[in-house]
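Side-chain atoms are counted along with the backbone in the values below, which use heavy atoms only and exclude waters and symmetry mates. For ligands, and for the atoms within them, numbers begin at 1 and follow the listed sequence.
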Amino acid sequence: MSFSPLPDILRSDLARSRGGVVLELGAGDGRFTHVLAEAGADVIPLDCRLPCPAGGVLGDVRALPVRSGAVSLIVTANLLHHLGNAVAAVAALTAWLECLAPGGCLHVLQDDPLADTPARRNDRDLRDWLARLVPSRGRLIALEELRAALAGAGGPTGDRLAGWSFGRELNRTAPPDRDAVLAMLRGDGGKPDRRTAALAAAIAQDGLDYGWYWWARWRGGAAS
Ligand SMILES: C[S@@+](CC[C@H](N)C(=O)[O-])C[C@H]1O[C@@H](n2cnc3c(N)ncnc32)[C@H](O)[C@@H]1O
């Protein structure tokens, strides 16, 4: 899926990074790569699974095949919950920062589990349903969980949050087709379990809405 609109701060970092190396981690089928390209970025997509988008790199984000200080901008969308919980995500983020050139930036965009309408609650519950099904996939991480993990498991916020900024946007991307999702939940005619049937009924009634997404951006100090 995608994120629309992009945060203004990402747009300006993409513009500032022209000519440098821009890496997208967990690029999947390249949908978000395309959005970044439309925003003017020449992006190198990386994913651990084939097929990678054109010009992409096959690699594991837990051991990036990148020289220290070689990258101007790292962007990643909806990857963190594939790496485990917020603490595991922070370990990965900390390692990625090593790859950035002086003054480089890291941007993380994630669907927010905040469910403030029935259609957004359905979308969150659908992600939880998928997380139950796919062992490599965790539940969506909330921004507050990430901040707490960055700050040191909820301790006093101090230097560990230096360089970070955070925000939330309402995602205007059209949600997945309701009938296709209902067909997936109802399966091949077998009897779905109670939880699956309840989710299908809720989606049939109230639909789906991606709702909020959150972003986190880190910028290092410029070269001295
Ligand atoms: C939910 S998809 C997001 C795809 C894309 N960023 C988007 O927003 O449309 C997560 C992607 O992360 C990739 N991924 C998960 N763990 C990874 C890892 N350890 N290293 C590289 N890619 C990984 C998966 O293969 C998948 O393509």
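Residue G59 approaches ligand 1 through these ligand atoms, each under 4.0 Å from one of its heavy atoms: 20 (N), 21 (C). Those atoms of ligand 1 with a heavy atom of C48 less than 4.0 angstrom away are 14 (N), 17 (C), 18 (C), 20 (N), 21 (C), 22 (N), 23 (C), 25 (O). Atoms of ligand 1 lying under 4.0 Å from at least one heavy atom of R62, given by number and element, are 19 (N).
Between D123 and R127 a salt bridge is recorded (basic side-chain N to carboxylate O distance below 4.0 Å). Of the charged side-chain nitrogens involved, none lies within less than 4.0 Å of a carboxylate oxygen, so that D47 and R49 do not count as a salt-bridged pair.
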Residues 197-209, side-chain donor-acceptor partners within the protein, below 3.5 Å, at least two apart:
residue, atom, partner, partner atom, Å
D209, OD1, G211, N, 3.0
D209, OD2, R120, NE, 3.1

With a 3.5 Å cut-off and sequence neighbours excluded, list the donor-acceptor pairs that the side chains of residues 51-65 form with protein atoms.
residue, atom, partner, partner atom, Å
D60, OD1, R62, N, 2.8

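Defined by atom type and a distance below 3.5 Å, a donor-acceptor pair is present between the side-chain atoms of E24 and T33. Between the side chains of D116 and W212, at least one donor-acceptor pair of N or O atoms lies under 3.5 Å.
Counting only non-hydrogen atoms, the option in D47, L46, L83 that gets closest to atom 24 (C) of ligand 1 is D47. Distances from atom 18 (C) of ligand 1 to the heavy atoms of D29, V61, T33 put V61 nearest.
For G30, the closest heavy-atom approach to ligand 1 does not fall below 4.0 Å.
Atoms CD1 and NE2, from I74 and H107 in turn, are 11.0 Å apart once rounded to the nearest 0.5 Å.
Contacts with ligand 1 closer than 4.0 Å are made by no heavy atom of S136, backbone or side chain. Heavy atoms of D60 found under 4.0 angstrom from ligand 1 belong to the backbone as well as the side chain.
Considering backbone and side-chain N/O of A77, one or more are found under 3.5 Å from N/O of ligand 1. The shortest N or O to N or O distance between L79 and ligand 1 is not below 3.5 Å.
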